[in-house]
A.B. asks: 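Here it is: the structure, laid out below.
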Number of protein chains: 2
Amino acid sequence: MLADPSRAAMVLALMDGRSRSAKKLALDAGITAQTASAHLRKLVNANLLVWQGRGRCKYFSLAGSEVAQAVEALSELGVKQIPAAARDLRFARCCYDHLAGRLGVALTERLLQPRNTVLRELGIDLTALESSRRPLFRCCTDWTERRPHVAGALGAALLRRYKDERWLVAVEDSRKLVVTPAGKSAFAHRFALGPGFFTQE
Amino acid sequence: MLADPSRAAMVLALMDGRSRSAKKLALDAGITAQTASAHLRKLVNANLLVWQGRGRCKYFSLAGSEVAQAVEALSELGVKQIPAAARDLRFARCCYDHLAGRLGVALTERLLQPRNTVLRELGIDLTALESSRRPLFRCCTDWTERRPHVAGALGAALLRRYKDERWLVAVEDSRKLVVTPAGKSAFAHRFALGPGFFTQE
DNA sequence: GGAACACTTCGACCGCCGTCGAACTGTTTG
DNA sequence: CAAACAGTTCGACGGCGGTCGAAGTGTTCC
């Protein structure tokens, strides 16, 4: 299902967790609307995508975090073949609804250190997240770093907070995330990242 | 690459981490030797498999843990479609070189509990593992349980120990693992698994 | 109402690729 | 050396599926 180039392009375009119209997906994948329509129907039937109609448009998005995770795992296999295209995404990107890339891995490691109080300081309410239906903590192996980053309800809550604080901003039509100056200082301070961390970006 | 049924069958057959000859893989996949030869060459070129010649035979095995991880992530997407075939593997199975399934997830959770001394009692030397080139701890999301189990160097060391102790034995030609009576008692005792855990198997 | 637009259905085309039979290379065994 | 066997190469076949043009449905907006 993911093996077809056109379908793969459409799924990759949705890897930032946002939704897009059929037309836009068709254009980005370089195929006509009819062909895209057939592909999208297959992807929905295979439970990879879901859609929601608004007016005369159909907006598609990933069916869930598992889909993003599978795509990340597959990307890891092909990472040698596509070094150029991937370079942009290595430092910080969305993986569905949470943060991935070098920054995501680094923050995860800091979070896992014992006796850290970052979560509390960020105002993340663990008990509330624990009561949600969704698993609190999932690891998602990073295809650029080959080390885990935080997914699940906690991962989504963290990324939302980073964006709310404007430490990270999303790049239009891309999974890429850029760190604002305020973000650099906040991450460096709260997560004890060394001074050289952001200069290697 | 994994989309072709014959190639998928061969890769799945190797998911237990062992190696098999081209002929055996061809037979299991239900194709002729010529066809298998072409597929195997492609899989090797794509860095999914590696091989090693012994005499007139070529023995193939997975190229690494990432491959197993990607296959597991993909299996999760299709888990609704193949409930029958998967039933056998749900409780305990190999995922390349480490333990997966309900048992793998349960043991992982016990290991992650703070202040646990199971690792030390099992004689697993963390400092030695940490110095190895391979990442110590990797999460691998379980496609049957949708929760993480331990992969990486630690996961491999644990499974090796379980097998050495004969708590788990591998089933011929399958990823399935069966728990011995000694294993049931050892796991229940050391990992504080409830009395009902093994009866639901 | 009518034009513009998003999406779908249908049908036809075409090319890629999985498949096998036949024949070939190289190794093992007696 | 001959026979058996693992694996490979070549060539031919066949079908699945991705592709688009044309035409159809439904919605929005003036």
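Any value given below was found using the heavy atoms of this structure, including those in side chains, with hydrogens, waters and symmetry copies removed. Values in this document were obtained by computation on a predicted structure and should not be read as measured data. Chain identifiers are assigned alphabetically (A, B, ...) following the order of the sequence lines, protein sequences preceding nucleic acid strands; residue numbering begins at 1 within each chain.
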A.B. asks: Which residues pass the salt bridge (charged side-chain N to carboxylate O under 4.0 Å, His left out) test with A:Arg190, sequence neighbours left out?
C.D. replies: none

A.B. asks: With distance as the sole test, does B:His189 use its side chain to make a donor-acceptor pair with the main-chain N or O of B:Ala186 at under 3.5 Å?
C.D. replies: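 Side chain of B:His189 to backbone of B:Ala186: no pair is present.
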
A.B. asks: Whole-Å distance between D:dG7 C1' and B:Leu25 CG?
C.D. replies: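 Result: 13 Å.
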
A.B. asks: In B/S/- notation, 5' to 3', how is nucleotides 18-30 of chain D contacted by protein heavy atoms closer than 4.0 Å?
C.D. replies: SSBBB----BB--

A.B. asks: Rounded to whole angstrom units, what separation is found between the CE atom of B:Met1 and the P atom of C:dC16?
C.D. replies: 16 Å

A.B. asks: Report yes or no: is the cationic atom of B:Arg102 (NZ for Lys, CZ for Arg) under 6.0 Å from the centre of the six-membered ring of B:Phe197, at an angle within 45° of the ring normal?
C.D. replies: yes

A.B. asks: Check for a donor-acceptor pair, side chain of A:Thr180 on one end and backbone N or O of A:Trp167 on the other, with a separation under 3.5 Å.
C.D. replies: yes

A.B. asks: Expressed in angstrom and rounded to an integer, what is the separation of B:Leu27 atom CG from C:dC20 atom P?
C.D. replies: 12 Å

A.B. asks: Could I get the full list of salt bridge (charged side-chain N to carboxylate O under 4.0 Å, His left out) partners for B:Arg175, not counting sequence neighbours?
C.D. replies: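 Salt bridge (charged side-chain N to carboxylate O under 4.0 Å, His left out) list for B:Arg175, sorted by chain: B:Glu72.
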
A.B. asks: Within this structure, what is the CZ-to-P distance between B:Arg41 and D:dT8, rounded to whole angstrom?
C.D. replies: 8 Å

A.B. asks: Testing the basics here: between A:Leu48 and A:Val67, what is the closest heavy-atom pair and its distance to 0.1 Å?
C.D. replies: O-CG2, 3.8 Å

A.B. asks: Does the B:Arg7 side chain pair with the main chain of B:Met1, one donor and one acceptor, at a distance under 3.5 Å?
C.D. replies: yes

A.B. asks: Should A:Arg20 and A:Asp173 count as an ion pair when the cut-off is N to O under 4.0 Å?
C.D. replies: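 Yes, A:Arg20 and A:Asp173 are salt-bridged.
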
A.B. asks: In whole Å, I'd like the distance from the CE atom of B:Met10 to the C1' atom of C:dT19.
C.D. replies: 12 Å

A.B. asks: Check the distance between C:dC5's P and A:Tyr59's OH and give it to me in whole angstrom.
C.D. replies: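 In whole Å, C:dC5 P lies 15 Å from A:Tyr59 OH.
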
A.B. asks: Where along residues 12-24 of chain B does a heavy atom come under 4.0 Å from DNA chain C, residue by residue in number order?
C.D. replies: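 Those residues: none at all.
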
A.B. asks: What pairs meet the salt bridge (charged side-chain N to carboxylate O under 4.0 Å, His left out) rule with one or both residues in residues 25-41 of chain B, with sequence neighbours excluded?
C.D. replies: B:Lys24-B:Asp28

A.B. asks: Could you state the NZ-C1' distance from B:Lys58 to D:dT9, rounded to the nearest angstrom?
C.D. replies: 13 Å

A.B. asks: Hey, what bend do you get for the helix from C:dG1-D:dC30 to C:dG30-D:dC1 if you fit axes on five pairs at each end, rounded to 10°?
C.D. replies: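 Here the helix ends are tilted 30° relative to one another.
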
A.B. asks: From CG of A:Asn45 over to P of D:dG17, roughly how many Å is that when rounded to an integer?
C.D. replies: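 My rounded result for the distance is 14 Å.
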
A.B. asks: Which heavy atom of A:Leu40 sits nearest a heavy atom of A:Leu49, and at what distance?
C.D. replies: CD2-CD1, 3.8 Å

A.B. asks: Distance-only, no hydrogens or angles: does the B:Ser75 side chain make a donor-acceptor pair with backbone N or O of B:Val71 under 3.5 Å?
C.D. replies: yes

